[in-house]
Amino acid sequence: MSPVRKTTLRDIAANLGISISQASRALNRKPDVAPEIREKVLALAKKLNYRNTSGKHEKTIGVLVPWFQYSFDAFVDEIITQTRQRKLHMIIFPRNDVPALDSQLIDGALAVGERISSEWGRQHNIPLVVINNFGWVLDHVNSVVPDADGESRQALEHLVALGHRKIARLRGPVATDRERNRGLDAFYRAAELYGIRESVRNICANTPEEMETHLRSLLDEGFTAFILIPIEWISRCTKTIRDCGREIPRDVSLIVYEEDAVTPFQSPPLTAFAINYAELVRNALDQLLLEINGEKGESQIVVPTRLILRDSTGSCPSAPR
């Protein structure tokens with residue numbers, strides 16, 4: 001990503017015909033500035049997206065979140081913690097309110113799981129880093145993402161080692177084909193490596209009812225292991241498995257995404273992928289601060305995900321003992 005061209009204090013002062021020191025005092029809320037001058041300076045600074053890169057002020061980070069659910073709450077909690085540690089000021093903006101960023105003096109922005117236009121830089125002139133966007137790498141926008149390919153490989157390796165051959169990935173509704181297929185190529189490559197490419201399946205459902213229908217059909221076909229991606233459908237899917245007369249892990253193995261208030265306390269506790277929120281946010285803030293300071297960051301950083309082994313995965317019932 002090319003560094004964004006910054007408006008300087010000199011630009012503001014020259015535009016208004018005042019001294020640089022006057023502009024600086026106005027922006028820093030110093031008392032010895034005429035009210036009308038202060039008002040003009042602040043208005044122009046907002047219009048020109050002025051960013052103070054001197055390092056002598058508390059930088060303000062805008063955080064864009066599309067909606068609030070467990071995974072985004074976890075990201076926001078971590079962003080709050082790390083911005084405080086770095087003495088950064090944070091403002092949360094809801095989805096569909098990107099223009100609000102232009103009404104405040106934001107030094108840079110983080111977008112959590114949001115699909116942002118690749119025209120971002122031209123439209124807003126604000127450095128941006130996207131976290132946890134599985135769908136696509138944005139043109140000219142830095143991104144920090146969990147390792148979806150690594151997740152697929154870990155899941156296949158673990159389940160195959162337990163004797164499973166008929167394995168399905170179950171996804172909830174998504175907006176793009178790329179998002180739907182995140183990690184899918186690695187899933188199929190791993191299946192090919194283990195000689196089970198023809199017996200694995202990738203299912204995408206738009207509603208819990210549709211997911212339940214697919215799950216019942218797969219159980220009837222003899223599938224014995226499932227990787228469930230939508231966190232919010234855990235209870236519905238585990239109930240469906242039990243309603244079909246199967247027990248976890250005696251008959252069916254299940255891998256989900258970690259929700260630490262839920263997954264360890266299910267019966268049985270669920271094997272889960274744990275996203276490293278702290279590392280994702282740390283990398284994102286590092287990259288954003290580089291961009292704010294006019295330096296070039298990485299186009300994409302991939303953060304490993306850890307598989308927590310619990311009691312919801314076990315030996316395939318049809319595998320040789």
Side-chain angles (χ1 to χ4, degrees), residues 69-71 134 148 151-174 177 179-184 186-188 190-192 194-275 305 307-321:
Q69 64 181 48
Y70 168 76
S71 58
F134 293 115
E151 293 168 6
S152 294
R153 290 191 296 269
Q154 286 183 77
L156 260 294
E157 180 179 346
H158 176 60
L159 293 171
V160 168
L162 293 171
H164 295 279
R165 295 295 180 268
K166 303 193 76 170
I167 302 166
R169 297 168 82 245
L170 306 175
R171 283 204 60 94
V174 292
D177 286 340
E179 188 172 359
R180 178 180 297 107
N181 296 330
R182 75 169 192 85
L184 184 58
F187 178 74
Y188 285 148
E192 188 76 37
Y194 289 112
I196 60 170
R197 174 62 183 84
E198 300 305 315
S199 64
V200 300
R201 198 82 54 82
N202 182 63
I203 301 294
C204 193
N206 292 317
T207 66
E209 293 76 18
E210 186 181 346
M211 178 69 79
E212 181 176 337
T213 299
H214 283 301
L215 185 51
R216 288 179 181 274
S217 177
L218 291 166
L219 289 169
D220 288 341
E221 292 180 46
F223 277 76
T224 60
F226 300 95
I227 303 165
L228 178 63
I229 294 178
I231 293 173
E232 61 271 22
W233 291 356
I234 289 174
S235 297
R236 182 72 173 257
C237 288
T238 55
K239 182 179 185 300
T240 298
I241 291 169
R242 293 180 180 118
D243 288 348
C244 289
R246 310 303 205 280
E247 290 187 18
I248 303 172
R250 187 194 67 187
D251 307 303
V252 172
S253 286
L254 181 65
I255 297 176
V256 300
Y257 277 78
E258 179 74 339
E259 183 173 350
D260 54 15
V262 175
T263 46
F265 306 106
Q266 296 287 296
S267 180
L270 300 176
T271 294
F273 288 114
I275 294 175
T305 298
L307 183 63
I308 302 174
L309 300 181
R310 297 195 181 103
D311 297 339
S312 66
T313 51
S315 298
C316 177
S318 60
R321 301 284 176 167

Sidechain-backbone polar pair: Thr305 side chain, Ala274 backbone, donor-acceptor under 3.5 Å
no

Test your reading of the model: is there a side-chain donor-acceptor pair from Thr240 to the backbone of Arg236, 3.5 Å cut-off?
yes

Return the minimal non-hydrogen interatomic distance between Glu258 and Ile231, and the atom names on each side.
O-CD1, 4.1 Å

Side chains of Gln266 and Arg310 in contact at under 4.5 Å (non-hydrogen atoms):
no

Which heavy atom of Ala155 sits nearest to which heavy atom of Phe273, and what is that distance?
CB-CZ, 3.7 Å

Trp233 and Leu170: side chain to side chain contact (heavy atoms under 4.5 Å, CB included), yes or no, with the steps?
CA-CA 10 Å; Trp233 291 356; Leu170 306 175; over 6 Å; no

Approximate separation, where rounding is to 0.5 Å, of Glu192 CD and Glu198 CD:
7.5 Å

For Ile196 and Leu156 the tightest heavy-atom approach is CD1-CD1, 3.8 Å

Do Ile167 and Arg201 come within less than 4.5 Å of each other through their side chains, counting heavy atoms only?
no

Determine whether a donor-acceptor pair (N or O, by modelled atom type, separation under 3.5 Å) exists between the side chain of His164 and the backbone of Val252.
no

Rounded to the nearest 0.5 Å, what's the gap from CD1 on Ile229 to CD1 on Ile203? Could you check?
11.5 Å

Answer yes or no: is there a side-chain heavy-atom contact under 4.5 Å between Arg216 and Cys244?
yes

For Ile227 and Leu159, what are the C-alpha separation, side-chain angles and deciding distance, and is it a side chain to side chain contact (heavy atoms under 4.5 Å, CB included)?
CA-CA 10 Å; Ile227 303 165; Leu159 293 171; 4.3 Å; yes

Any heavy-atom pair between the side chains of Asp251 and Leu219 that's under 4.5 Å?
no

Working to the nearest 0.5 angstrom, can you tell me the gap between Leu270 CG and Leu309 CG?
12.5 Å

Do the side chain of Ser152 and the main chain of Gly183 share a donor and acceptor less than 3.5 angstrom apart?
yes

Going by the side chain to side chain donor-acceptor pair (under 3.5 Å) test, name the single residue among Thr263, Asp311, Thr313 that passes it with Thr271.
Thr313

So do Gln154 and Ile255 actually touch side chain to side chain, heavy atoms under 4.5 Å?
no

Looking at side-chain heavy atoms only, is the closest gap between Phe226 and Ile248 below 4.5 Å?
no

Both conditions, 6.0 Å and 45 degrees, for the charged tip of Arg169 above the ring of Phe187: are they met here?
yes

Salt bridge flag under 4.0 Å for residues Arg182 and Glu151:
yes

On a heavy-atom basis, the closest approach of Ser312 and Pro268 is CA-CG, 4.1 Å

Take Cys237 and Met211 through the test side chain to side chain contact (heavy atoms under 4.5 Å, CB included) and record every step on the way to the result.
CA-CA 8 Å; Cys237 288; Met211 178 69 79; 3.8 Å; yes

For the residue pair Ser253 and Gly314, what are the closest heavy atoms and their distance?
OG-N, 2.8 Å

Just so I know, are the side chains of Tyr194 and Glu157 near enough to count as touching, which here means a heavy-atom distance under 4.5 Å?
yes

Set out, in order, the CA-CA distance, both residues' side-chain angles and the distance that settles side chain to side chain contact (heavy atoms under 4.5 Å, CB included) for Glu212 and Asp243, then state yes or no.
CA-CA 11 Å; Glu212 181 176 337; Asp243 288 348; 5.5 Å; no

What one should report as the nearest heavy-atom pair of Arg250 and Gly245 is NH2-O, 4.3 Å

